[in-house]
Undergrad: 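Please read through the structure below; I'll follow up with questions.
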Amino acid sequence: MVTLRRAQGLTQEDAWRIAASVADPEVPVLTIEDLGVLRALEVSGERVRVEITPTYSGCPAMDTIRDDLVLALTAAGWADVDVRLVLSPAWTTDWMSDAGKRKLEEYGIAPPSGRAALGSSNGPIRLAISVRCPRCGSLDTREVSRFGSTSCKALFECRACLEPFDHFKVH
Ligand SMILES: [Zn+2]
C-alpha cells in the first residue's frame, strides 16, 4: 500500500508532532500536548504506540482523543496505531504547559494556579491562590460552584466585572 511507504519516511518526531496537534474536544484551543495528556510515543516501523493519560478518570473526552489520534496517524501512513490509556501516575494540572495556560485564559477560562504538590499521606495538597478573572484580570473572585461546564472546571464569579467564568481546577 502507498500509505505504508509514506510513513517509512517519517520519523518519531513527525509522529509526535502529528499526535501533539490533536485538540482537546472540551477546550478545542488546547492540544493534548498543551494539556500534558500526551505522555509518550514510540515508532517502530509501521507501528506507532501512543500513551495518553486522562485528565480525570472516566473522562469522556478520552474516547474522542483516541479516535482522533488513530485517524491522524493512520492518515499520515502508519498502518498500526496503538493508543493506550495510562492511569498511573495520575494526571495533574502541573502537566499543563505554560502555553496551554495562556491559551486557556485567552479562551476565557481561568487556568489552574498553584501546584498540586504531592502530600505524604493525604493526597495532593492544594495551595489556595486567588483565581484571576480571565476577562478583567481582577483577583477579587469567588467560587460559585465546584462544578462548571464540565467536572474539570469550577464556576467562578468576578466581583470587579461581575462576569461568571470557568476555572480549570488544580488537581
Ligand atoms: Zn472580571
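One-based numbering, in listed order, for ligands and for the atoms of each.
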Undergrad: Judged by atom type as modelled, is there a donor-acceptor pair below 3.5 Å linking the side chain of Gln12 to the main-chain atoms of Leu41?
TA: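 Looks like yes, one N/O pair under 3.5 Å.
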
Undergrad: Strictly under 2.8 Å, how many protein N, O or S atoms lie near the Zn ion (ligand 1)? Waters don't count.
TA: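 Count of protein N, O, S atoms less than 2.8 Å from the Zn ion (ligand 1): 4.
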
Undergrad: Tell me whether Arg135 contacts the main-chain N or O of Pro164 through its side chain, where contact means a donor paired with an acceptor under 3.5 Å.
TA: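 At least one qualifying donor-acceptor pair exists.
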
Undergrad: Could you check whether Asp67 and Thr64, counting side-chain N and O atoms only, form a donor-acceptor pair closer than 3.5 Å?
TA: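 The criterion, which ignores hydrogens and geometry beyond distance, is not satisfied for Asp67 and Thr64.
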
Undergrad: Taking NZ, NE, NH1 and NH2 as the nitrogens, is one of them in Glu51 or Arg84 under 4.0 Å from a carboxylate oxygen of the other?
TA: no

Undergrad: Return each pair, listed once, that meets side-chain hydrogen bond (donor to acceptor under 3.5 Å, both in side chains) where at least one residue sits in residues 19-32; pairs must be two or more places apart or across chains.
TA: Thr31-Asp34

Undergrad: Ignoring hydrogens and angles, tell me if any N or O in the side chain of Trp78 forms a donor-acceptor pair with the backbone of Val43 under 3.5 Å.
TA: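 Flag not set: sc Trp78 to bb Val43 has no pair under 3.5 Å.
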
